[in-house]
Every structure is written in structure tokens, then in C-alpha cells.
There are 2 protein chains.
Amino acid sequence: MGKKRTTQMSDVARAAGVSVMTVSNVLNGRPNVGAETRIRVLEVVDELGYEINLTARRLRTGRTGTVGLIVPRFDHQYYSELAARVSDALAPEGLHLVVEQSGATRERELSALSLARLQQYDGVLLSAVGLDFADLDRIRTDVPIVLLGEQEVPDRYHSIKMGNVAGARLATEHLVARGARRVAVLGGRLDTPHHDMASSRAQGWADALDAAGLAPDPALVIPLESFSIAEARAAIAERVAGGLAVDGVLGVTDEIAIGAMAGLRDAGRSVPDDVQVVGFDNLRISDHVSPGLTSVDPGHDAMVAHALRLLRRQLEDRGAAPEHVVSDVALVERGSTRRPK
Amino acid sequence: MGKKRTTQMSDVARAAGVSVMTVSNVLNGRPNVGAETRIRVLEVVDELGYEINLTARRLRTGRTGTVGLIVPRFDHQYYSELAARVSDALAPEGLHLVVEQSGATRERELSALSLARLQQYDGVLLSAVGLDFADLDRIRTDVPIVLLGEQEVPDRYHSIKMGNVAGARLATEHLVARGARRVAVLGGRLDTPHHDMASSRAQGWADALDAAGLAPDPALVIPLESFSIAEARAAIAERVAGGLAVDGVLGVTDEIAIGAMAGLRDAGRSVPDDVQVVGFDNLRISDHVSPGLTSVDPGHDAMVAHALRLLRRQLEDRGAAPEHVVSDVALVERGSTRRPK
DNA sequence: CTGGCGAGGTGTAACGTTAAACCCTGCCGC
DNA sequence: GCGGCAGGGTTTAACGTTACACCTCGCCAG
């Protein structure tokens, strides 16, 4: 029925009566092509509807014009907002963003991180929650990588970290200043010496309570598995219904905090009158839920700007000394916490 | 300082004392390789940390093992939920999903759709809001495409459409049944004979009102530009503050409906007592906002299942007759509309 | 008039795989 | 005793670009 072949450069060359190299030169805006020739080639390109084969170009040049962003889940808002920001920031530079989901499990994350996959990009922004220090240290590739994230990472990587401890501390201090005395940290964990997001934010919570002379009660550390809204909602509702005394909740993410607000409603508590709630991430939606969610803003734009700067640096100079940036955090007050008296 | 080259198949071949083809055969699990040879090759692969160059493979075979999903925006929840669902559904088949953002503008969408880009995937799921019939018709490629979406599409494409008209009608009927008489359609538009999402859903709204003997009031069609929560919120708040009489709002998406609820609060109206609200998409978060958002569920899982089925069909048989699926819709009632009396 | 240079252009050899054809060796059936 | 075949492997030629070296003018300076 049909022909298999798509049109390629040699077809254009033949039709235009020039060599393949000349076509290539025209298409890539290289010098040493006469004006007339250039025009003729472009006409033929148009006529034949020729489009370059990016795979072949990539094989030959090693460059792809594409940056990869690898996130645990597409459907966690934090990551989708991040992806949109990065994509928008990359577009003016002529770079294309593609996003992959690693799945948050160590196994799927490692597979997304096989050298094979990484090599497909000029650079990679990696938001790796499932991998530990050792996994990361095992990755050996020439592809520039910037780690976006939470955990302690091998020194040789460029990285952007959120101010997790500082942010959680800020949030908890805010709750305490507004009168909360029994502040739960939903999604946190303290048991392990890990440096992941859940632990770091719980650490900030504990620090703030310590500083305020309120001993952190282990019963108020409520771990979660999936970090989903639904899970958070069920967990807090269950605890409260079971008699846990709480007058403040720090959700380790905004989604968790939104789940917490729903769960507290389920349990007959009102926000912020009975229980005040603070989240972390300052998602777009957090301003629009009811009540508005007080949240820690991790400085999204600054993070993205830093990330791309570090990526560019590596693109220009493979040997660039790794840089570790910690983003500034700020508290955004909304209706889920009370006004000062 | 370092060597440029990464290790490649010929290095493995040399070290294992076999031909390159044998290495290729081992790595691809092809027959006609002795057991010992296989083991030796695998050992060497491990030792050298060899990983295949996917670009070269792709150039040679034309297959990529990757499916592309092109969405207008990463940070519209509907699309990120879609991406997650598709990714999860593809993983068991050994296919990888990468997501690209087209930017919702016609220009950026066309660039994402250049043949060059499309050719990088074995198949493409295209959620194209910015393109019209003619744009789509202009795309000529052998890559299997499934259109996910709203609009009228050229017949030669396989497509999955939401039941936009039916869903919006269902939602509006529900509002009317619960006593609403002045139902606005936020984000809708009726001016044009387009078949895009905003128009189709407004059409369903108009149909329902007509059927109920309530003439659709043009003042109640409130168009939006960006379909963002913030814009929706501001738009409804402004109208209501300006004296527009409304006792029901159909948000053409859940995000818009969530914005509407916030805007109504801003304007001193309570939901659902003063104004009832229904959304469309049944996002995960819609169950967790306050009050819970009544919404049209477009049958996400069925849509994804259909989409992948159509894609597989095309992968197996390029000439497969195009199929057009319209998804079933269902209303999910929550607290943003009233209980029946 | 010679040498040099810049503009315009071409030919060839990769980039790292894999499809396809081919080549051995040993063994089995008749 | 030989044809045939299966098993285990190799060789060669792509896939569609681009880097690089090279070639040929025409023209200008000396």
C-alpha cells in the first residue's frame, strides 16, 4: 500500500541539485551557502514536507536539545507545577522539556535512571525521592544532572534543596504563636536518621517545639505511606475520632494539609477554630481552598532559576564544580491559621 | 581530562572474545547463542557497566519503546492525573511514557507536533486544545496517534472524546432539579460554532435549560481565557458583586468550579445554600475541598483503557480502521449541591 | 603573474546499533 | 556415505545525519 520511507535529506538534495551537506548546512544555518542556493533548498524542503530525523542527528552529534525532568509522580501537584515552571523557563532557550515519571519506588526509579535513558537528554533534572545516597552515588554518566530535592546527596552532584527544616520550623512556630499547643506533623517521621523530606520536615517541627519548650509528643508524628490527600484525610480523621488531642496540624505537603482539613471536618472539628493547619509547598490551589491554606512557600521560581543555571553551567563546562543551593522559605498566611490576637 | 566515549558494544565484544552481533543477540535475548557464551557476555557487560545506546538502536530499528503524551499544560490537574494514569497503564507492557507540554497556544502546539518530534515515539497520545480541525488534518506522519479530546477531529484519526455535551447537560439538569433557576456556565462560550471543550459543555448547559423551559441567559455564559482557578475565582466574584443574579454555577472544569466556590465566598455567597456549584472532570481533589464538589466524572479509567487499546491496535496494524470512542459520563454528587428535598 | 584567501560547495567517514545473509561444524536418518 | 538441518556464530550493510578535510573558483595584493 504505502511506502515505508519518510523523505530524507538526500531526497531534498537530489531535488535541489545540491549535495546532502549543503542541505544540512542550510537547515542548520551554517555559513558558506549562497543566497540562491539557500532559497532553493528551503523551497524544496517545503515542497517535499521534509522534516529532519532527530534520532539520526542525535546519534551523530550527541546533542538532543531536550532536557529531561524525572519526577516521582505526575499527579502530585507539586511536581506538575514544577514541570510547568521548568518547561516555561526552558522554552525561550530553545530547549524542550520532557517529563518522565519514576514511580516513587526504588525499582522504577532506578530503571528510569539507567544510563541508557539518561543519555537521551542533554541534561536531567532529577527529583528523586525513592533513591538513597548510595543509589545516587552509583550513577555514572556524563550527562549533566541537577538534583532537585530533599535528601542528602553525594557531593559531586549539583543540587537544589528546599529549606525543609527551616520551613517546617517556621510553620510550627507560626502555629505555636497562634496558640496551638498540641501540633501534629502529618506525613512526618522521626524514627530514622534519614534526610528525606518527611524526616527533615518533622525535624523542623521538633526543633520548633523544643525551642518553644513544648516537648514533641511521638503520638503526634503521624506517618503516611503514599502522601496522598485521601490517605492524609483518613489518617487524621481516625486519630482525632480515636481521641487524639490536637489543636494544630503541620501537613508535610500542601496536599496532605488539604487532606487534613477534610479529615478534621469529617471528625467534626473546625479549621481554624478548633484546629489550625499549615501546609508546605504553597501550591496554587492552596489559595483557593476553604479556608485558604497557610503554607510554607519554598520559593518555586528561585528554585527553578537555580536549577537551570546549574544545568547551563554544566552544559557549558562539564567539569564545573558542583554547587549546592538551599532555597529560601517563607510563610504565607491564610485562613487555616488564626489571626494574631 | 577524561575520555569522551562511553563504552559500547564493540568493547564488550572484544573483551568477551565474540562478535558484536553476538553481544547484540545476547542483550536482546535472541536465539542461537550458546549458554556459556551468553554468560560470558553478560559478565563482561556487567564488568564494564555497559548500557546500550538507545539512540543508535532507535535509528536502526525505528522503534523506541516510548509513548508520548502531549498535553497543553502540565499543571492543569486533569492532565497530570491523565498522565499518571497512562504511565501506570503503560508500565506493565514495557512501554515508557514521556510527557510533553504543548503550551495551549497554537504555535507551541504545532511545534510540539512537528513530524520530527512525533517520530521520536512509537505512538502518541495527543490532547490538543489549541489546534483546530485543519491543523490536525495537516499532520502527516506514520506514527500512530490517538487523539484525546474534546473537539471534532478528522476522521482518519483514532479518537477518544469525552461526553462533553451529555455531561454538561447532566450537571445542569442536576442543578435545576435541586432548585437552581439562574445557572451560570463559567468558562463556557456559545458564540462560535466550535466543537471545543468550552463550547460543547456550554451547549450541554443550554440544552438542559431549554429542556427545562428555562431560557439560557447570555449574561450567564461567562467566558474565561486561561481556565485557571484564579481567573475563574475573580470572574465570578466580580459578576456577583456587580449584581448578577445566580443560584447555580456550572464550572466547565473542576478547577474552574473550585475557583468559582472561592469567588462566591469572596462575594459573600455560601455554597450550596445561596449558590450551588457543579464541576466537570471529577478530579481527585474535588472530593476533598470544602464543600465537596459535585462533578461530572468522564470515566477516566475507561478513557485511558480505550486510548491504549486504540494505540496498540495501530501498533500492530498500521492500517487499522480509525475508531471514535465517546466516553460515558456520570454525575458524582457531593456537598456543593443540595440534597433532594 | 604568482600566491593567498575567502566564499561556496562536495565527498567520505563516522555515530552505535541491528537485519539479513552467510558460514561452519557435527550429527542424524536412510 | 551423503544430504540436510539445527545450533552457534560471523560479516556486511545499512539507519539518516554531521564533522572534517578538501576542492575550485574569482579576485586582489604585491
Side-chain angles (χ1 to χ4, degrees), chain A residues 3-42 44-45 48-66 114-120 122 141-142, chain B residues 3-42 45 48-65 114-120 122 141-142:
Chain A
K3 7 162 88 177
K4 288 240 81 154
R5 263 182 21 120
T6 60
T7 86
Q8 57 200 77
M9 238 162 75
S10 56
D11 300 326
V12 175
R14 197 171 317 113
V18 295
S19 73
V20 180
M21 266 320 293
T22 296
V23 178
S24 175
N25 288 333
V26 169
L27 260 29
N28 291 282
R30 284 186 279 249
N32 291 343
V33 179
E36 285 178 30
T37 310
R38 182 180 306 279
I39 290 171
R40 184 152 32 91
V41 167
L42 289 176
V44 173
V45 163
L48 298 181
Y50 168 75
E51 299 229 24
I52 201 162
N53 181 323
L54 291 178
T55 302
R57 169 187 281 177
R58 175 176 308 187
L59 177 61
R60 185 65 247 243
T61 64
R63 317 221 64 242
T64 73
T66 304
S114 69
L115 295 195
R117 300 214 69 84
L118 293 183
Q119 276 167 352
Q120 309 208 103
D122 284 351
T141 173
D142 291 336
Chain B
K3 8 162 91 179
K4 290 238 83 151
R5 264 182 18 122
T6 60
T7 86
Q8 58 198 74
M9 237 163 73
S10 56
D11 300 324
V12 176
R14 197 172 318 112
V18 296
S19 74
V20 180
M21 262 323 289
T22 297
V23 177
S24 176
N25 288 334
V26 168
L27 261 29
N28 291 282
R30 283 185 280 249
N32 291 344
V33 179
E36 286 179 30
T37 311
R38 182 179 306 278
I39 290 172
R40 184 151 32 92
V41 168
L42 289 176
V45 163
L48 268 45
Y50 169 75
E51 299 228 25
I52 200 162
N53 182 322
L54 291 177
T55 303
R57 169 186 282 175
R58 175 175 308 187
L59 177 60
R60 184 63 246 243
T61 64
R63 317 221 66 240
T64 73
S114 69
L115 295 196
R117 300 214 70 83
L118 292 183
Q119 276 166 352
Q120 310 208 105
D122 285 351
T141 172
D142 291 336

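A, B, ... follow the sequence lines: proteins, then strands. Residue 1 opens every chain.
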Sugar-phosphate, base or nothing in reach of Thr37(A), heavy atoms under 4.0 Å: sugar-phosphate

side-chain hydrogen bond (donor to acceptor under 3.5 Å, both in side chains) partners for Thr141(A), two or more places apart: none

Which residues share a salt bridge (Lys or Arg N to Asp or Glu O under 4.0 Å) with Asp11(B), sequence neighbours left out: Arg5(B), Arg14(B)

Phosphate OP1/OP2 of dA19(C) contacted by Arg30(B) side-chain N/O (<4.0 Å): yes

5' to 3' contact window, DNA chain D with chain B (heavy-atom distance under 4.0 Å): dG8(D) to dG16(D)

Distance (rounded to the nearest 0.5 Å) between Leu48(A) CG and Gln8(A) CD: 11.5 Å

Nucleic acid contacts - residues 20-29 of chain B versus DNA chain C, non-hydrogen atoms under 4.0 Å: Val20(B), Met21(B), Ser24(B), Asn28(B)

Bend angle of the helix from dC1(C)-dG30(D) to dC30(C)-dG1(D), end axes from five pairs each (to 10°): 40°

Test item: Ser24(B) side-chain N/O and Val20(B) main-chain N/O as donor-acceptor pair under 3.5 Å: no

side-chain contact (heavy atoms from CB on, under 4.5 Å) partners for Gln120(A), two or more places apart: Arg58(A), Arg117(A), Leu54(B), Arg58(B)

Test item: Thr55(A) side-chain N/O and Thr55(B) main-chain N/O as donor-acceptor pair under 3.5 Å: no

base_contact_polar (dT17(C) base, Arg60(B) side chain, donor-acceptor, <3.5 Å): no

Sugar-phosphate only, base, or nothing, as touched by Leu54(A) at under 4.0 Å among non-hydrogen atoms: nothing

Touch class at under 4.0 angstrom, heavy-atom based, for Asn53(A) against every strand present: sugar-phosphate

Comparing Gly34(B) and Thr61(B) on DNA chain D - which has the more 5′ nearest nucleotide: Gly34(B)

